[in-house]
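Below: one structure, written as structure tokens.
Values below: every heavy atom of this structure, side chains too, minus hydrogens, waters and symmetry copies. Because the structure is a prediction, the values reported are computed rather than measured.
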Amino acid sequence: MANPYVSAFVKKRANGVCELYEQPAHFNDKNGKPYLECHHIKFLSQGGLDTIENCVALCVVCHKKAHIVDDPEDRLKMMKKAGFDNPLQEVW
């Protein structure tokens with residue numbers, strides 16, 4: 001199960017903006033906050049870690065795309081957003 005503190009941190013870092021395409025969330029949740037989802041760049045099912053360095057906040061459309069398409073260019077962009085200094089030298 002994903003750590004709720006990691007999820008909360010990446011959503012706060014995103015400040016209501018999808019970290020892939022840098023657009024505001026499509027809608028707000030029932031509390032009036034922009035709705036974003038925490039995405040693990042390297043999937044947990046593939047051995048990815050549940051850490052802030054492996055997570056970004058995505059809108060629902062980008063989150064679905066990340067799981068269905070798994071585009072390498074999108075992954076690099078997400079890695080940079082998550083704080084990798086040099087995404088080409090990943091240490092997974």
Side-chain angles (χ1 to χ4, degrees):
M1 172 165 248
N3 185 329
Y5 296 107
V6 170
S7 177
F9 180 91
V10 298
K11 290 175 188 178
K12 184 171 179 135
R13 176 184 68 201
N15 197 29
V17 176
C18 174
E19 292 189 292
L20 182 56
Y21 285 110
E22 301 176 356
Q23 296 294 316
H26 295 285
F27 58 90
N28 293 337
D29 66 16
K30 64 182 176 183
N31 297 315
K33 295 183 179 182
Y35 183 79
L36 296 171
E37 297 176 338
C38 181
H39 172 67
H40 293 84
I41 302 165
K42 182 170 184 180
F43 304 150
L44 295 175
S45 63
Q46 296 173 345
L49 301 177
D50 191 20
T51 63
I52 59 172
E53 297 85 8
N54 187 42
C55 292
V56 289
L58 301 179
C59 69
V60 293
V61 174
C62 289
H63 194 197
K64 195 67 158 178
K65 178 187 177 204
H67 281 275
I68 293 172
V69 179
D70 195 21
D71 183 331
E73 288 183 27
D74 286 352
R75 195 174 327 110
L76 285 175
K77 187 173 182 179
M78 289 185 283
M79 289 170 72
K80 289 177 96 173
K81 270 293 185 188
F84 280 85
D85 291 328
N86 185 353
L88 297 177
Q89 293 183 352
E90 61 183 86
V91 292
W92 293 330

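The main-chain N or O of Gly48 is never found under 3.5 Å from a side-chain atom of Asn54 such that the two would form a donor-acceptor pair. At least one donor-acceptor pair closer than 3.5 Å links the side chain of Asp29 to the backbone N or O of Asn31. The main-chain N or O of Asn3 is found under 3.5 Å from a side-chain atom of Asp50 such that the two form a donor-acceptor pair.
Across every non-hydrogen atom of Pro34 and Ala25, the tightest pair is CB-CB, 3.7 Å.
The structure places NZ of Lys64 at 13.0 Å from SG of Cys59, a figure rounded to the nearest 0.5 Å. In this structure, the separation between SG on Cys38 and CZ on Phe9 is 11.0 Å, given to the nearest 0.5 Å. Taking SG of Cys18 as the start and NZ of Lys81 as the end, the distance is 9.5 Å to the nearest 0.5 Å. In this structure, CD on Glu53 lies 14.5 Å from NZ on Lys42, to the nearest 0.5 angstrom. Atom CG of Leu36 sits about 14.0 Å away from atom NZ of Lys12, to the nearest 0.5 Å.
Ring pair His39/His63 is perpendicular by interplanar angle, where above 60° counts as perpendicular and below 30° as parallel.
Both Met78 and Tyr21 are members of a single hydrophobic cluster when ILVMFWY side chains are connected at heavy-atom separations under 4.5 Å. Tracing side-chain contacts under 4.5 Å through hydrophobic residues (I, L, V, M, F, W, Y), one reaches Leu20 starting from Leu76; they form part of the same cluster. Under a hydrophobic clustering in which Ile, Leu, Val, Met, Phe, Trp and Tyr are joined whenever their side-chain heavy atoms come within less than 4.5 Å, directly or via other members, Val61 and Phe27 fall into the same cluster. Hydrophobic clustering (side-chain heavy atoms under 4.5 Å, transitive across Ile, Leu, Val, Met, Phe, Trp, Tyr) keeps Leu49 apart from Ile52.
For Glu73, the CD atom is loosely surrounded, since the number of other residues' heavy atoms within 6.0 Å does not exceed 12.
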Check against salt bridge (charged side-chain N to carboxylate O under 4.0 Å, His left out), Glu19 and Arg13: CA-CA 9 Å; Glu19 292 189 292; Arg13 176 184 68 201; 3.1 Å; yes

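Between Glu37 and the options Val60, Val56, Val10, a side chain to side chain contact (heavy atoms under 4.5 Å, CB included) holds for only Val60.
At least one side-chain heavy atom of Arg75 sits less than 4.5 Å from a side-chain heavy atom of Asp70. Residues Tyr35 and Asn28 have side chains not in contact (no heavy-atom distance under 4.5 Å, counting atoms from C-beta outward). Proximity of Val69 to Asp74: side-chain heavy atoms (C-beta onward) are nowhere separated by under 4.5 Å.
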